[in-house]
Amino acid sequence: MDKKGTLEWEYIAAIVLVLIIVVVILLFSDSMKNMIMERGREFFSNILPEKLGQ
């Protein structure tokens, strides 16, 4: 029997569930949302221009 297909669907389902949980946590956690937004701004303003040679 080939169980490769069922394992792939199980992995995809697990990843989707983890992403849903992370989104729910972010929606209801203001401090975590602010921290992630701050780190994202820092990444895009500091790290990306250095990598692009600006």
Side-chain angles (χ1 to χ4, degrees):
M1 283 188 195
D2 185 23
K3 293 191 174 196
K4 185 177 179 183
T6 58
L7 289 177
E8 289 175 1
W9 282 111
E10 290 172 358
Y11 292 140
I12 291 172
I15 291 170
V16 168
L17 285 175
V18 168
L19 289 175
I20 290 172
I21 291 170
V22 168
V23 168
V24 168
I25 290 172
L26 289 177
L27 287 175
F28 292 108
S29 175
D30 289 333
S31 62
M32 187 175 287
K33 183 168 44 173
N34 290 337
M35 182 181 69
I36 291 174
M37 293 297 287
E38 181 181 328
R39 299 284 166 91
R41 274 190 233 110
E42 180 181 319
F43 175 76
F44 286 114
S45 65
N46 295 335
I47 296 173
L48 280 181
E50 293 175 5
K51 296 286 183 188
L52 295 174
Q54 295 178 353

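We number each residue from 1, following the sequence as shown. Predicted model only: the values in this text are computed from it and were never measured.
- Every side chain to side chain contact (heavy atoms under 4.5 Å, CB included) that Val23 has, sequence neighbours left out, goes to Leu27.
- With side-chain heavy atoms closer than 4.5 Å counting as contact, directly or through intermediates, the hydrophobic cluster containing Ile15 also holds Leu19.
- Distance check, rounded to the nearest 0.5 Å: CD of Glu8 to CD of Glu10 gives 10.5 Å.
- Through side-chain heavy atoms spaced under 4.5 Å, either directly or across other Ile, Leu, Val, Met, Phe, Trp or Tyr residues, Leu17 is tied to no other residue.
- A 6.0 Å sphere centred on CE of Met35 holds more than 12 heavy atoms belonging to other residues, nucleotides or ligands.
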